[in-house]
Amino acid sequence: MADRWQNTMEHAVSAARRAGQVVCEALQDDRKVMTKSSSVDLVTQTDQKVEQLIIQSVKEKFPTHRFIGEESVAAGEVCVLTDDPTWIIDPIDGTTNFVHTFPFVAVSIAFSVNKQVEFGVVYSCLEDKMFTARRGRGAFCNGKPLQVSGQEDIKQSVIATEFGSSRDPEAVDKIFTSLKNILCIPVHGVRGAGTAAINMCLVASGCVEAYYEIGMHIWDVAAGSLIVSEAGGVLMDVEGGAVDLMSRRIVAANNGTIAERIVKEIDAFSPPRDDDPPPQK
Ligand code: IPD
């Protein structure tokens with residue numbers, strides 16, 4: 001059956017590849033680092049330039065589509081998901097990695113219609129791995145089908161997570177409590193690539209059994225969430241139940257048994273939502 005969004009997805013893949021080339025080239029140059037919500041929430045001119053490149057190329061081809069872009073939101077645009085076709089863009093997922101040349105950075109592009117992600121593209125540009133998923137049609141890496149791990153035993157598992165960019169001591173305490181609980185199950189190990197999008201692709205590839213985080217944003221995980229579910233995995237809120245991409249809380253796992261076991265160990269909290277109105281100045 002013909003796929004209504006095939007052209008759109010092809011555009012996303014080539015936009016992600018071009019964006020990834022710009023990111024890789026910029027890694028050779030000096031990177032001017034700026035900060036956003038705090039001194040550890042980093043942004044560079046490359047993040048801003050790459051987001052504009054992607055948005056411009058989409059606007060030329062699909063002038064009625066909407067956008068949620070990490071750097072556009074940081075510049076004051078609202079972060080609202082409507083039923084309209086919407087591109088959810090993270091130009092560099094792993095900006096801290098990019099700044100420090102830690103070798104995992106990704107361009108993440110999701111496309112949502114009626115608030116449902118139709119396709120997701122994550123380009124891990126230094127590894128030259130193009131992860132793609134189309135709703136109902138599977139997940140792929142460089143064209144090869146992806147399948148999550150078949151592991152059911154958490155004690156035989158590796159779990160990915162991140163510390164995020166909050167340094168609020170109460171939040172950090174909760175993050176460490178969850179980490180300790182999970183480590184001491186015990187699991188085989190805990191890892192973090194420094195990018196939510198790549199962590200999710202690692203789940204989809206079967207390299208880790210699960211990824212969880214509180215504090216990431218919709219643009220970090222929208223594409224990865226479809227890649228995980230199309231590779232056979234499950235998504236859950238950190239307190240169980242359905243995931244809400246605006247809530248900044250996610251568990252992405254190979255199966256429900258592992259996801260529910262992780263949920264039991266998480267000391268949950270709720271950061272401000274991505275779709276909260278911006279604070280009054
Ligand atoms: C960040 C990365 C990081 C995660 C943070 C994200 P950015 O995204 O995905 O792994 O821990 O929560 O904000 O800022 O590099 O696009």
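Each ligand, and each atom within it, is numbered from 1 in the order the structure gives. None of the values given here were measured: they were computed from a predicted structure. What's counted below: heavy atoms across the whole structure, side chains too, no hydrogens, waters or symmetry copies. Just so you know, residue 1 is the first one in the sequence shown, and it goes up from there.
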- Message: Are any of the N/O atoms on Asp220, whether in the backbone or the side chain, positioned under 3.5 angstrom from an N/O atom of ligand 1?
- Response: yes

- Considering distance alone, does some N or O of Ala196 sit under 3.5 Å from an N or O of ligand 1? yes

- Message: Is Ile92 close enough to touch ligand 1? Criterion: a residue heavy atom under 4.0 Å from a ligand atom.
- Response: yes

- Query: Is ligand 1 less than 4.0 angstrom away from at least one heavy atom of Gly94?
  - Reply: yes

Which protein heavy atom lies closest to [atom], and at what distance to 0.1 Å?
| atom | result |
| --- | --- |
| atom 14 (O) of ligand 1 | Glu70 OE2, 3.4 Å |
| atom 16 (O) of ligand 1 | Asp90 OD2, 2.8 Å |
| atom 3 (C) of ligand 1 | Gly194 O, 3.7 Å |

- Query: Should one rank Leu42, Thr161, Asp93 by closest heavy-atom distance to atom 1 (C) of ligand 1, which comes out on top?
  - Reply: Asp93

- Closest to atom 11 (O) of ligand 1 (heavy atoms only, candidates Glu213, Glu71, Arg248) is Glu213

- Message: On the six-membered ring of Phe119, is Arg135 placed so that its NZ or CZ lies under 6.0 angstrom from the centre and within 45° of the ring axis?
- Response: no

Any atoms of ligand 1 less than 4.0 Å from a non-hydrogen atom of [X]? List them with their elements.
| X | answer |
| --- | --- |
| Thr195 | 9 (O), 10 (O) |
| Thr95 | 15 (O) |
| Met216 | 12 (O) |

Would you say the side-chain atoms of [X] and [Y] include a donor-acceptor pair closer than 3.5 Å?
| X | Y | answer |
| --- | --- | --- |
| Asp93 | Thr195 | yes |
| Gln151 | Ser157 | no |
| Ser38 | Asp41 | no |

- Message: Just to verify, what does Phe102 make a ring-ring contact (aromatic ring centres under 6.0 Å, His included) with, not counting sequence neighbours?
- Response: none

Residues 53-64 side chain polar contacts: donor-acceptor under 3.5 Å, at least two apart:
from  : atom 1 : to    : atom 2 : distance (Å)
Ser57 : OG     : His11 : NE2    : 3.2
Ser57 : OG     : Ile54 : O      : 3.0

- Item | Side chains of Ile250 and Met216 in contact at under 4.5 Å (non-hydrogen atoms) | yes

- Evaluation steps, side chain to side chain contact (heavy atoms under 4.5 Å, CB included), between Leu245 and Ser225: CA-CA 9 Å; Leu245 290 179; Ser225 65; 4.2 Å; yes

